[in-house]
Amino acid sequence: MSSTGDTEVVTVKSTRFGEFTVPKDSLIHFPSGLIGFPRAKSFVILEHKPPFSWLHSIEDPNLAFVVIDGAEFGPIYEGKIPYGDRDTELEAGDDYAILIVVTARPDPLQTTANLKAPLFVNVRNKKGVQIIFDDARLSTRHQLWEKKEDIPTSEASDDTGEKK
Amino acid sequence: MSQGLLILTRKPGESIYIGDIKVTVVEVKGPQIRLGIKAPKEVRIYREEIYLQILEENRLAAEGGMSTNAVVEGLTPNFGSSQPANAKASGGLSKLKSSTSLTPKSDGPIIRKKGTNGGSNE
């Protein structure tokens, strides 16, 4: 770690990206880790092809998750925001981010998003937690991609008509 | 790292305490047992099947392939809702992203390098 007077940086080792540095204040702390990864407590979010980002472990060079901004899915977590959660100390009025873990597969059509267990990160203190919602409407495997021709033309009222 | 399993016998109406958390046997109906759990709001309580389901999905996601091609011919993202994104949440992610941008070494999609990142190979 070096301090240049501007930003302190942290060096991260990664089996995917080699070695890189990130500003120390970009680190996100998950006091309980992620489910199944209780010891993975420190992460950094890195750019990837939009709408995806990487949530990369600081401690484990081999551990990284592809994530997507939960806001893309609309207000599906309305009323479910974990205010009062002890890990994040999230309070009403706090700015937060919702990260959805993506299970990427070789065939893009099989790539899915885990809407059932989103990650909430408190922007104020950079602390995060993974919460499971026992709600049948939230799938662990929400299919992320669909073929253009399958989309009914009457849907997507706020669509500008531009399709990627 | 072994954890012993503590076996207790309770009758309907009886309870146990785990730390501050109170577990009560509410009712026994045939093969089903109804448990009541009194815990602080922030304590997370999950049915085992659901917990294991998430554990498995996280595990798959962690080792998942690299195919996150955002721009794939003939495909469009399915976000399931045409409503505008939650303003509070959507602002959040951009504030958390590190400014570092990288190229994956292994079989991943190539990321456009925004600036030189000393030491990145291949």
Side-chain angles (χ1 to χ4, degrees), chain A residues 16-20 22-23 26 28 34-37 44-53 63 65-66 69-75 84-86 95-98 101-106 108 111 114 116-117 121 123 131-132 134 140 143-148 151 155-158 163-164, chain B residues 40-44 46-47 50-51 53-62 64-72 74-106 108-109 111 114 117 119-122:
Chain A
R16 289 173 179 80
F17 302 107
E19 205 170 281
F20 58 92
V22 292
S26 66
I28 298 171
L34 261 62
I35 290 167
F37 299 90
V44 65
I45 297 178
L46 305 167
E47 286 290 342
H48 188 37
K49 282 181 155 186
F52 301 108
S53 306
L63 185 65
F65 296 94
V66 175
D69 190 341
E72 301 270 14
F73 297 92
D85 168 68
R86 282 233 218 120
D95 213 0
Y96 58 86
I98 305 176
V101 177
V102 169
T103 306
R105 299 173 208 267
T111 295
N114 185 353
K116 204 172 204 67
V121 181
V123 173
I131 304 278
I132 305 176
D134 197 347
T140 50
Q143 193 173 316
L144 263 189
W145 302 109
E146 53 196 4
K147 290 202 152 82
K148 280 185 198 170
I151 298 166
E155 305 246 87
S157 51
D158 64 340
K163 294 237 192 302
K164 292 200 175 85
Chain B
K41 156 176 168 351
E42 66 271 7
V43 174
R44 297 182 285 274
Y46 302 124
R47 290 181 294 134
I50 272 222
Y51 185 86
Q53 196 190 4
I54 301 304
L55 198 142
E56 177 59 17
E57 199 62 33
N58 274 356
R59 192 191 64 77
L60 279 175
M66 295 282 196
S67 179
T68 50
N69 281 308
V71 185
V72 181
L75 296 184
T76 194
N78 165 29
F79 291 132
S81 164
S82 58
Q83 295 183 54
N86 179 300
K88 254 201 168 51
S90 65
L93 181 56
S94 55
K95 291 177 193 165
L96 294 170
K97 281 187 195 173
S98 160
S99 50
T100 307
S101 64
L102 307 155
T103 309
K105 285 168 38 177
S106 43
I111 299 168
K114 285 181 185 154
N117 191 8
S120 93
N121 23 2
E122 208 240 359

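Numbered from 1 within each chain, the chains take letters A, B, ... in sequence-line order.
Ring planes of A/Phe17 and A/Phe20: perpendicular class, angle over 60° (limits at 30 and 60°).
For B/Glu42, the side-chain hydrogen bond (donor to acceptor under 3.5 Å, both in side chains) partners are A/Arg86, not counting sequence neighbours. Taking A/Asp85 as the reference, A/Thr88, B/Arg44 meet the side-chain hydrogen bond (donor to acceptor under 3.5 Å, both in side chains) condition, with sequence neighbours excluded.
Per-residue heavy-atom pair counts under 4.5 Å with chain B were compared for A/Ile131, A/Leu34, A/Thr140, A/Ile35, and the maximum is reached by A/Ile35. Top candidate by heavy-atom pairs under 4.5 Å with chain B, chosen from A/Val44, A/Asn114, A/Leu63, A/Ile28, is A/Asn114.
With a 4.5 Å cut-off on non-hydrogen atoms, A/Asp134 touches chain B through its backbone and its side chain both.
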- Message: Determine whether B/Gln53 and A/Ile132 satisfy the following criterion, side-chain contact (heavy atoms from CB on, under 4.5 Å), listing intermediate values before the conclusion.
- Response: CA-CA 10 Å; B/Gln53 196 190 4; A/Ile132 305 176; over 6 Å; no
